[in-house]
Amino acid sequence: MRSDDVRSLLQAAVPTAVAGALAAVISALVVGSKGAVGAVVATLVVILFMGIGFVVLQRTAKTLPHLFQAMGLMLYAAQILLLFVFLAAFKNTTLFHPKAFAITLVATTLVWIGAQTRAHMKAKILYVEPDSMKGDKPENPGPKS
């Protein structure tokens with residue numbers, strides 16, 4: 001993974017982790033330790049799902065650039081669907097508070113998407129490949145004046 005990909009991943013993961021920690025504290029104060037556990041599990045699920053999606057999308061961009069847009073749309077739809085399936089699967093669990101889990105899941109997903117959008121807008125991505133300056137002279141230097 002390139003260093004700018006890692007930077008983009010960290011710029012999305014760190015705010016999500018901070019939002020998850022804040023949600024865990026709030027959940028612990030409101031509903032107790034099960035609320036904190038639910039918030040932590042939700043945060044880990046979001047970071048895992050979205051992080052894997054980010055890596056898959058970056059690999060797709062390198063290997064199959066013509067499928068990048070379609071893959072991105074399909075990937076985000078699949079991630080949201082998987083998050084809702086995960087939410088439905090743990091709806092009646094006694095391991096953690098399901099409402100704290102659900103609220104944290106939605107909140108940290110929105111934080112991830114917002115942070116990833118901000119990171120992409122701040123990134124200085126070249127859309128034209130610059131010529132290499134290895135001391136080679138251009139083939140057609142143009143007319144001399």
Side-chain angles (χ1 to χ4, degrees), residues 1-140:
M1 188 179 268
R2 296 182 335 205
S3 65
D4 55 335
D5 291 344
V6 173
R7 188 179 315 115
S8 293
L9 185 61
L10 285 175
Q11 287 176 343
V14 170
T16 303
V18 169
L22 182 64
V25 169
I26 293 170
S27 296
L29 293 174
V30 173
V31 292
S33 63
K34 286 193 176 196
V37 171
V40 168
V41 170
T43 303
L44 292 176
V45 166
V46 168
I47 290 173
L48 181 70
F49 281 13
M50 296 297 193
I52 290 171
F54 181 85
V55 170
V56 167
L57 200 56
Q58 293 306 317
R59 287 192 182 193
T60 301
K62 289 178 194 168
T63 58
L64 303 166
H66 59 284
L67 294 178
F68 181 72
Q69 185 177 11
M71 185 66 161
L73 291 171
M74 191 273 314
L75 186 66
Y76 282 124
Q79 285 174 333
I80 298 300
L81 262 170
L82 282 173
L83 290 174
F84 282 123
V85 167
F86 200 87
L87 181 64
F90 286 98
K91 182 179 179 183
N92 296 320
T93 188
T94 58
L95 297 172
F96 48 78
H97 195 270
K99 285 188 181 180
F101 173 79
I103 290 169
T104 304
L105 192 71
V106 171
T108 52
T109 299
L110 292 174
V111 168
W112 178 283
I113 292 170
Q116 191 175 17
T117 302
R118 183 181 185 279
H120 180 72
M121 291 177 70
K122 291 277 191 181
K124 296 186 180 358
I125 300 171
L126 298 174
Y127 57 92
V128 176
E129 292 291 328
D131 291 335
S132 63
M133 300 300 291
K134 295 181 183 178
D136 297 336
K137 292 185 178 180
E139 292 179 20
N140 186 7

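As the structure is a prediction and not an experimental result, all values here were calculated from the model.
Shortest non-hydrogen contact noted between A115 and Q11 is CB-O, 3.5 Å.
For L82, the side chain to side chain contact (heavy atoms under 4.5 Å, CB included) partners two or more places apart in sequence, or in a different chain, are F49.
Here the straight-line distance linking atom CE of M50 with atom CG of L9 works out to 12.0 Å at 0.5 Å rounding. Note that the CD atom of Q79 and the CG atom of L57 stand 8.5 Å from one another [nearest 0.5 Å]. If you take OG1 on T60 and NE2 on H66, they are separated by 10.0 Å, rounding to the nearest 0.5 Å.
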Quiz prompt | R118 vs M121, side chain to side chain contact (heavy atoms under 4.5 Å, CB included): CA-CA, chis, key distance, verdict | solution = CA-CA 5 Å; R118 183 181 185 279; M121 291 177 70; 5.8 Å; no
For a quick test of your reading: what N or O donor-acceptor pairs under 3.5 Å do the side chains of residues 101-113 make, sequence neighbours left out?
unit_1: T104; atom_1: OG1; unit_2: A100; atom_2: O; d: 2.7
unit_1: T108; atom_1: OG1; unit_2: T104; atom_2: O; d: 2.6
unit_1: T108; atom_1: OG1; unit_2: L105; atom_2: O; d: 3.4
unit_1: T109; atom_1: OG1; unit_2: L105; atom_2: O; d: 2.7
unit_1: W112; atom_1: NE1; unit_2: Q116; atom_2: OE1; d: 3.2

For residues 14-43, dump all side-chain donor-acceptor pairs below 3.5 Å to protein atoms at least two apart in sequence or in another chain.
unit_1: T16; atom_1: OG1; unit_2: A12; atom_2: O; d: 2.7
unit_1: S27; atom_1: OG; unit_2: A23; atom_2: O; d: 2.8
unit_1: K34; atom_1: NZ; unit_2: T94; atom_2: O; d: 2.7
unit_1: T43; atom_1: OG1; unit_2: A39; atom_2: O; d: 2.8

